Amino acid sequence: MTIRTRFAPSPTGYLHVGGARTALFSWLYARQHGGTFILRIEDTDLERSTAESVDAILQGMTWLGLEYDEGPFFQTQRFPRYQEVIRQMLKDGQAYHCYCSKERLEILRTEQMARKEKPRYNGKCRQGVANPPAGVMPVVRFKNPHDGVVVVEDIIRGRVVFQNSELDDLIIARGDGSPTYNFTVVVDDMDMNISHVIRGDDHLNNTPRQMNMLKALGFTPPVYAHVPMILGPDGARLSKRHGAVSVMQYRDDGYLPEALLNYLVRLGWSHGDQEIFSIDEMIKLFDVTQVHSSAAAFNPEKLLWLNQHYIKDGDPKHVAHHLSHHLGKLGIDPSQGPDLIEVVKAQRERAKTLAEMAINSAFFYRNFDSYDAKDAATHLKPEVEKPLTQLRESLAALPRWEAPTIHDAVSGVAEAQGLKLGKIAQPLRVAVAGRAISPPIDVTLTLLGRDKTLERLDAALEHIRIQPVTA
RNA sequence: GCUCCCAUCGUCUAGUGGCCUAGGACGCUGGCCUCUCACGCCGGUAACAGGGGUUCGAAUCCCCUUGGGAGCGCCA
C-alpha cells in the first residue's frame with residue numbers, strides 16, 4: 001500500500017506550533033514509509049482566508065524543512081469538482097435540498113438546548129419539499145444514515161464508536177453553492193488517495209460524518225490518527241495569549257528549526273529516555289501509533305534548553321548561517337569582521353538563542369556606544385590604569401596575534417603586577433567588549449584583532465583618566 | 001445540556017500485571033570547576049486524581065466519581 005499523508009491547514013492565520021506538530025507527524029509518517037506528503041490549503045471560507053496567510057504557512061513549512069511532495073493544492077480551485085460530486089449525490093438521493101432558514105434553525109437549536117438535547121437538524125426537508133419557498137437559495141444536506149454505528153479505528157485512540165442517531169444531516173453546500181469543510185475534506189481525501197489522515201483531535205467528532213460520506217461515495221476511508229491538542233503552560237488550550245504560538249515567531253526569537261522540531265516530536269511521543277533526535281532519527285524511530293492520547297502542555301523552558309543544545313552541539317557553519325540573519329536584524333554585516341564561524345565557536349556555549357548570540361557578538365563587528373555602567377564602575381577604576389597600560393604595551397609588542405601568546409601576555413602582566421588573572425582579565429574584557437561578559441579573554445582578543453583591541457584599550461584608559469576621582 | 005476524548009513529579013515523559021521503596025529530561029535548587037558569562041560534572045526537590053473491584057500480586061485490567069479537553073455553524 002502506498003502511503004499518502006497530507007497537511008491541510010486553513011489560511012486564516014500563521015502556521016502555529018500545533019499545526020506544525022501535526023504537519024511534522026504526517027511528514028514523518030510519509031518519509032519513514034517512502035510515501036508521499038501532500039500540502040493542501042483549505043480555503044473554502046472565502047471570508048477569512050487570505051493570501052498573506054497562505055504565504056505565512058508556506059514560509060513556516062519551508063523554514064521547518066517540511067517539504068511536501070505534492071501541492072500546495074487549493075480547494076478554491078477545485079470547486080467544479082465539488083459541484084460535480086454534489087450533483088451526483090443529489091441525483092443518487094444521498095443528498096437533498098434544504099430550504100430551512102438560518103432563523104428557523106437557530107430557533108430549533110435553542111429549543112433543543114432548552115430540552116437538554118444535543119442540537120441538530122431535525123430533517124424537515126429530508127423527504128423532499130412539496131412547495132419550495134420562492135426566492136430561497138437552498139443549501140444541500142447529506143443524508144446521514146439514521147441507524148447503526150460508525151466505528152473509527154483510530155491508530156492512536158483505538159476504537160471509537162459513534163451512534164448514527166447522534167449525527168444529523170450536515171450541510172455540504174451553502175446557499176450560494178459553495179461547498180463546506182466536511183464535504184471538501186471527504187472529496188479531497190478521496191481524490192488525492194490519502195491513505196492516512198493525521199490531524200488534530202478536534203476533528204475526531206467530524207470523523208464519523210466524513211466516513212459516512214466516503215461510504216456513500218463508495219470509497220474506503222483512510223486510516224485515521226487523531227493527535228491531541230497542545231495546551232498552554234497553564235493547561236488551557238494553547239492560544240495567542242500564551243505568547244509565541246507562531247512558528248515564524250520562533251525564528252525571529254532566535255530558535256533553530258531543528259530545536260522546534262525536536263521539541264514538537266517529543267510532545268506526546270517518546271522513545272525510551274531519549275531526548276535528542278536528529279531529523280534522521282525521527283524518521284527512523286517515530287511511531288504514530290505510540291503517540292499519547294492525552295493532551296500535552298507546551299513548555300517554553302524545555303524548548304529553550306533544546307535550542308541551546310542545538311546551538312552548542314550543532315554544526316557551527318549551520319548555526320552561523322542562521323546567526324547571520326539575526327546579526328542582520330541588528331544592522332550588522334558579518335562579512336565586516338571576524339569569521340562568523342569562529343565567532344559561533346566562541347559563543348555557542350553562552351547563548352540560548354541566536355538573537356541573544358547576535359547581541360553578545362555585536363561588539364566584534366562594531367564599536368559599542370557606551371560601557372555597561374555597572375561593569376565599568378566595577379572594573380574600569382583608577383588602580384587598573386597601570387596594569388592596563390602595561391598590558392597594552394605587552395600586547396602591542398606581541399610577535400604573533402594568537403590565543404596562546406595573548407594568554408601568556410595577559411597572565412604575564414597579572415603576575416608582574418601581583419594580581420590574580422581575573423583582576424586584569426575583567427577590566428580588559430570591559431574595555432574591549434563594553435561589559436563583563438564575553439568568551440575567554442584570549443579568544444575574544446584573537447577574534448577582535450590587534451588593532452581594535454589596542455584602540456579600545458586606549459579608549460578605556462582614557463575613560464579611566466577622565467572619570468571623577470570621587471569614587 | 002448532549003456526544004466523544006483524556007488523567008504518572010510544576011511540565012514533557014518511561015512504565016503495557018511482579019524488574020517500581022516509580023526511571024529519565026526541562027525547571028528549581030546545593031556543591032565542584034572557573035579570567036567574566038556560560039558549558040560541564042556531582043547531588044537534592046517533586047508524581048501513579050479519589051473510591052470500589054479483578055488478581056497470589058496493580059501505576060499497569062474493569063467500574064464509578066471527580067477534574068480537564070473537544071465537538072454539537074450555510075468556520076475549518
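Protein chains get the first letters and strands the later ones, always in sequence-line order, with residue 1 at the start of each. Excluded from the calculations below are hydrogen atoms, water molecules and symmetry mates; all remaining heavy atoms, backbone and side chain alike, are included. These numbers were taken from a predicted model, which means no experiment stands behind them.
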task = Pick base, sugar-phosphate or nothing for A:Asp442, based on heavy-atom distances below 4.0 Å to the nucleic acid.
result = base
query = Of the nucleotides B:rC74, B:rU3, B:rC6, which one has an atom closest to the side chain of A:Lys102?
reply = B:rC74
ask   = Base, sugar-phosphate, or nothing for A:Glu301, non-hydrogen atoms under 4.0 angstrom?
value = sugar-phosphate
inquiry  = One thing to verify: whether A:Glu84 and A:Arg81 come together as a salt bridge, which I'm taking to mean a side-chain N less than 4.0 angstrom from a carboxylate O.
reply    = yes
note = The nucleotide from B:rG1, B:rA7, B:rC35 with an atom nearest the side chain of A:Leu421 is B:rC35
message = So A:Arg429, base contact, sugar-phosphate only, or nothing? Heavy-atom distance under 4.0 Å.
response = base
message = Whole angstroms only, please: what is the CZ-P distance between A:Arg120 and B:rC72?
response = 14 Å
ask   = Taking the six-membered ring of A:Phe73, is the NZ or CZ of A:Arg78 close enough (under 6.0 Å from the centre) and on axis enough (within 45°)?
value = no
Selection residues 404-417 of chain A - residue pairs positive for side-chain hydrogen bond (donor to acceptor under 3.5 Å, both in side chains), sequence neighbours left out = A:Gln390-A:Gln417
task = Considering just the side-chain nitrogens and oxygens of A:Arg109, establish if one lies under 4.0 Å of OP1 or OP2 belonging to B:rG73.
result = yes
ask   = Of all the nucleotides listed (B:rA76, B:rU36, B:rG1), which has the minimum atom distance to the side chain of A:Asp45?
value = B:rA76
task = Scan A:Pro208 against the nucleic acid and name what it touches under 4.0 Å (heavy atoms): base, sugar-phosphate only, or nothing.
result = nothing
request  = Would you classify A:Val160 as touching base, sugar-phosphate or nothing, given that sugar-phosphate means primed atoms plus P, OP1 and OP2, and contacts are heavy atoms under 4.0 Å?
outcome  = sugar-phosphate
Donor-acceptor side-chain pairing of A:Glu281 and A:His271 below 3.5 angstrom = no
task = Could you tell me whether the side chain of A:Met229 reaches within less than 4.5 Å of the side chain of A:Asp202, counting heavy atoms only?
result = yes
request  = Can you tell me the distance, in whole Å, between the OH atom of A:Tyr181 and the P atom of B:rC72?
outcome  = 11 Å
remark   = Out of B:rC26, B:rG69, B:rC74, minimum distance to the side chain of A:Met229 belongs to B:rG69
query = At under 4.0 Å, does any side-chain N or O of A:Lys423 touch on OP1 or OP2 of B:rU36?
reply = no
ask   = How many Å lie between CZ on A:Phe183 and C1' on B:rC74, as a whole number?
value = 14 Å
ask   = For A:Gln347 and B:rC37, what is the distance between atoms CD and C1' respectively, to the nearest whole Å?
value = 9 Å
request  = Mind checking A:Gln308 for me? I need base, sugar-phosphate or nothing, with any heavy atom below 4.0 Å counting as a touch.
outcome  = sugar-phosphate
message = For a quick check of understanding: with a heavy-atom distance under 4.0 Å over all strands, which category does A:Lys420 fall into, base, sugar-phosphate or nothing?
response = nothing
query = Below 4.5 Å, heavy atoms only, C-beta onward: do A:Leu395 and A:Trp401 meet side chain to side chain?
reply = yes
Side-chain ion pair, A:Asp201 and A:Arg157, N-O less than 4.0 Å = yes
query = Under a 4.0 Å N-O cut-off, is there an ion pair linking A:Arg120 with A:Asp169?
reply = no
query = How would you label the contact of A:Asn360 with the nucleic acid (heavy atoms, under 4.0 Å): base, sugar-phosphate, or nothing?
reply = nothing
query = Base, sugar-phosphate, or nothing for A:Thr44, non-hydrogen atoms under 4.0 angstrom?
reply = sugar-phosphate
With the criterion being N/O to N/O and under 3.5 Å, what pairs connect the protein with nucleotides 12-15 of chain B, and how long is each?
unit_1: B:rC12; atom_1: OP1; unit_2: A:Ala297; atom_2: N; d: 2.8
unit_1: B:rC12; atom_1: O2'; unit_2: A:Arg266; atom_2: O; d: 2.8
unit_1: B:rC12; atom_1: O2; unit_2: A:Lys302; atom_2: NZ; d: 3.3
unit_1: B:rU13; atom_1: OP1; unit_2: A:Gly268; atom_2: N; d: 2.1
unit_1: B:rU13; atom_1: O3'; unit_2: A:Ser270; atom_2: OG; d: 2.9
unit_1: B:rA14; atom_1: OP1; unit_2: A:Ser270; atom_2: OG; d: 2.9
unit_1: B:rA14; atom_1: OP2; unit_2: A:His292; atom_2: NE2; d: 2.6

